[in-house]
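Here the structure is laid out as structure tokens; the discussion comes afterwards.
None of these values were measured; they are calculated from a predicted model.
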Amino acid sequence: AAKLVPVTLKWGKKTFTAPLLSPIEPGSNVQPFQRQIEAITQVPVHRQKLLARGGWKGTLGGGGSNSGAAATATRTSKSLFFPTDLSLPKGKNTLLVTLIGSAEVLVETPLEDRPKFQEDMTQKELRLHEAKFLHDVDVDVSRGKGVGDTDTDIVALQYEPGVERICAHRESSTNSASANGKMRMTNKGEMIQYNRLVTGLPQWQIEERLKMRRVPEYQSGSESKSVHSSAGAGADSNIGNDMNRPVQAPVPVVGEVAMTMGLELRRAYVNSLATLHDGTLVSALDDGHVQLWRRGRLVKDSIHGSGSGGGVDHVVSFPTAMSNVGADAKADLDVNTNADVGPHFATAGMGRIRIWSADGDAILDLGVPSGTTPSSLIAGSINVIPPNTINGSDSSNNPEKGKKEKEKKNLKFLACCCRVTRKPDPNQFRLLPQDEEGRRRRAAAEEQERHIQQSLNDASRCVQFWIYDDHNGSNSVGFGAGTIYPPSNGAARAAPAVVELAVSNGHNMIVCADAWGGLRIMNWVFQDRYNDERGGGGRRRRLRPTPKQSAQLQLHCDDDQVDCKISCLQFIDNNNILAVGTDYIQYSEEATQQERSGVIPNATLLQVTNPRGAVCIIDVQKSRIRAVLHAHSDYVQCICPLPCGGILTAGAKMDATVRVWEGIEITSALGLGSSKYETQSSGEEGEDWELPPLVLTEARVMKEPGYVFDLKVLPDHSKNVMGPGGVYAIAAARYNVIKIII
């Protein structure tokens, strides 16, 4: 008789030995042993798989049938007999058998209750399902859900109010119910994939978060009586308080990512963003693509220009027709306010400027000097309505002609400054000429190269502008061009290059920032132009807008080894208040005077103590620094004014943070600075001194988005929003995607 083999059974974390299990007789049937296992573990026989290292190969059991000979079956994978040569492993006093199988009973769901995919449904089932869904939507519409007075409507972020948003809400709730326990919930909420380019929070979660920031006083049109804000330096400590605290002013953005647009693996960065009048978001990429985003979708993908040589560096949107003129003035002037007519945005890069329609179709290309590319681009409107004279008489005597003349003053303009991209060939004059003719040709080539470089440097000191007249309401584009030249003040050194531009539509003002830290203030004025009338023999007076310098400022440091330069600038709320980001230029002791920044003649010097990472709030009208925002460790490369009166500032790569400066702090700082200057001016006669500007160093750090290239406000376009109390979102260009922050 064969010797019995003692057994130890291991099942998961449990172990069973004798006397629960009887020893195994080699060559015997497996089923009696399996029934013992079933009595101990409640694992059915047909689910049992037995493995034993050193006992047999493969698995035994599992309900398999054995119709062959015993000697052959003892070596098969699912045999019903133990091997005849079964014995204890060397050095062991028991055979370790591992059981694979579960004791749970699987509940079979009836076929009618199982989820059915659209691909598995018949045409009849699809029609029935669609009819039921549309019936449910009609019921919601009849009850007024999602239609009419929508609480929020941020066009780039949210679906269209009405049936589309109802469908999104129903699908989101259905998907959440069907995915119970499968979709992982976090503090940020559950992210869903809208399409291959867009992921974000479900629409109902976005709407609920925006509702929490709604201010009741502004919804009813009344003014807020008190303003509450926080200025904590930490981000995490303020996020929860901002959403739950009682407020009387618009709650600032918390820093939560609501949606991400674009491909994170795309080899192209988003350089610039712009928001159109209808809420469409435009992004410019450094591979030459211009993308339009609306309702959480990519609606247009165009190319800025053919050929290589860089991507799109800037995108700006044109203001709507007479956007800064009151409703009464619009009615009196009878101007064309059709927002869908004419140019809507412009892009710059690759040595060209392109004008686009609202649908993302190219309208016109504007050229810049060869060998340069736009370094800054602005778009604005000219809202001054000048008096008009026709054939020497006042236009009021001729109402029809006067009406047409006034309509012609509804102007938009585009302006840019350029940087030199053409670099001289270092090997062009490497070989020495061997004869007189060669030396003559070399001298001519050197003179031509100097002339080219001088022309390019002159172009970098100028600002080109184009003026568009949309009085006739047609789609024809008639841009008149002009140039802002550097001032001719008889200085020994040439004027510095213009590096940044800013526009204040409310005051018809342009600011040109140069490489020496200078700020040249330009205002639009109208100059007379007389043209002979065709066939009439008279002369017609035309008033052409022209920028004229009104002030010259320069940011200056006392340190001889450091000069101040401008990294970015932005007007705040179309007022005379200009926010200027600054940085410093470090010189070595051996630096010559020509290598250093010069002092601009007749400029008002504004002292900046520590320019790295600072934002100077400048009163352009009074030519003074009212306040300094200093919280970044690296220079500020983007400034974004908020509808609530606050400011967002984005630090460069060594800082990589976005900070929120609350509106109450900015208003208080400007008010305090104003009272200081008023106190000064009321002093004794001949006294000319000023107090240092107020320095703010504490600002809340947004948890998201981190390091960004550009920031733009996405306003609320719902019908029941009036004034600054409406909610808003922030679009941030972060590397190759756009993050929308709420």
Side-chain angles (χ1 to χ4, degrees), residues 146 150-161 164-165 167-169 171-173 175-176 183-214 235-236 238-240 242-244 250-264 270 273 275 279-283 291-299 640 642-644 646 648 650 658 660 700-708 710-718 721 726-742:
T150 307
D151 289 320
T152 58
D153 185 20
I154 298 178
V155 177
L157 177 64
Q158 296 179 274
Y159 281 172
E160 187 81 27
E164 185 180 22
R165 193 174 293 185
C167 294
H169 288 188
E171 290 177 357
S172 297
S173 60
N175 292 339
S176 299
M183 188 173 294
R184 186 177 180 181
M185 298 293 294
T186 63
N187 294 331
K188 296 181 180 180
E190 55 184 22
M191 293 291 179
I192 64 173
Q193 185 168 0
Y194 288 83
N195 48 68
R196 72 180 188 91
L197 297 176
V198 179
T199 59
L201 297 174
Q203 287 291 307
W204 67 271
Q205 290 190 15
I206 294 175
E207 190 164 354
E208 288 298 325
R209 281 161 170 76
L210 294 176
K211 283 181 182 179
M212 297 174 67
R213 293 171 51 196
R214 175 70 66 192
D236 298 335
N238 291 326
I239 290 179
D242 287 337
M243 297 302 294
N244 299 321
V251 178
V253 287
V254 177
E256 180 180 9
V257 178
M259 188 172 288
T260 302
M261 299 174 171
L263 292 175
E264 294 192 3
V270 181
L273 299 172
T275 306
T280 302
L281 180 63
V282 185
S283 61
Q291 297 178 335
L292 276 67
W293 303 88
R294 185 178 176 87
R295 303 298 180 189
R297 304 181 185 91
L298 176 64
V299 297
C640 179
L642 300 178
C644 60
L648 292 181
V658 175
V660 184
R700 177 167 61 91
V701 179
M702 293 177 61
K703 190 174 182 180
E704 293 284 353
Y707 178 55
V708 297
D710 197 8
L711 295 168
K712 285 297 183 293
V713 173
L714 301 177
D716 186 3
H717 282 71
S718 57
V721 174
V727 298
Y728 57 91
I730 300 297
R734 176 172 168 80
Y735 294 107
N736 41 19
V737 297
I738 304 169
K739 290 186 177 292
I740 298 183
I741 312 299
I742 58 177

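- Separation of atoms CD (Gln203) and CD (Glu208) is listed at 12.0 Å; rounding is to 0.5 Å.
- To the nearest 0.5 Å, atoms CZ (Arg209) and CH2 (Trp204) are separated by 7.5 Å.
- Considering only heavy atoms from C-beta on, Val299 stays 4.5 Å or farther from Gln291 through its side chain.
- A salt bridge between Lys739 and Glu704 is absent, with no side-chain N of the basic residue lying under 4.0 Å from a carboxylate O of the acidic one.
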inquiry  = Show, in sequence, the C-alpha distance, side-chain angles and deciding distance for Leu273 and Ile738, and conclude whether the side-chain contact (heavy atoms from CB on, under 4.5 Å) test is met.
reply    = CA-CA 9 Å; Leu273 299 172; Ile738 304 169; 3.9 Å; yes
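- For the atom pair OH (Tyr159) and CD1 (Ile206), the distance works out to 9.0 Å, reported to the nearest 0.5 Å.
- A salt bridge between Arg295 and Asp153 is present, with a side-chain N of the basic residue lying under 4.0 Å from a carboxylate O of the acidic one.
- Residues Ile741 and Glu256 form no side-chain contact, since every pair of their non-hydrogen atoms from C-beta on lies 4.5 Å or further apart.
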ask   = When you look at Thr260 and Val198, which way does the side-chain contact (heavy atoms from CB on, under 4.5 Å) test go after all the steps?
value = CA-CA 6 Å; Thr260 302; Val198 179; over 6 Å; no
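- Atoms CD1 and CD, from Ile742 and Glu207 in turn, are 11.0 Å apart once rounded to the nearest 0.5 Å.
- Within 6.0 Å of the CD atom in Gln193, the count of heavy atoms belonging to other residues, nucleotides or ligands exceeds 12.
- To the nearest 0.5 Å, atom SG of residue Cys640 and atom CG of residue Asp710 are 8.0 Å apart.
- In terms of heavy atoms, Ala258 sits closest to Leu157 at CB-CD1, 4.1 Å.
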task = Check step by step if side-chain contact (heavy atoms from CB on, under 4.5 Å) holds for Arg734 and Glu264.
result = CA-CA 10 Å; Arg734 176 172 168 80; Glu264 294 192 3; over 6 Å; no
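- Between Pro202 and Ile192, the shortest heavy-atom contact is CA-CD1, 3.9 Å.
- You'll find the side chain of Met702 stays beyond 4.5 Å of the side chain of Ile730, heavy atoms only.
- Between Thr275 and Thr280, every side-chain heavy-atom pair lies at or beyond the 4.5 Å cut-off.
- Ser283 and Trp293 are linked by a side-chain donor-acceptor pair at a separation below 3.5 angstrom, with hydrogens and angles left out of the test.
- The structure places CD1 of Ile740 at 14.0 Å from NZ of Lys712, a figure rounded to the nearest 0.5 Å.
- Screening Thr152, Val155, Ile154 against His717 for a side-chain contact (heavy atoms from CB on, under 4.5 Å) leaves a single residue, Val155.
- Looking only at distances, no side-chain donor or acceptor of Tyr707 sits under 3.5 Å from a matching main-chain atom of Val658.
- By the 4.5 Å heavy-atom criterion applied to side chains, Leu281 and Arg294 are not counted as neighbours.
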request  = Report the C-alpha separation of Leu642 and Tyr728 in whole Å, then their side-chain angles, then the decisive distance to 0.1 Å, and conclude whether the side-chain contact (heavy atoms from CB on, under 4.5 Å) test is met.
outcome  = CA-CA 9 Å; Leu642 300 178; Tyr728 57 91; 3.7 Å; yes
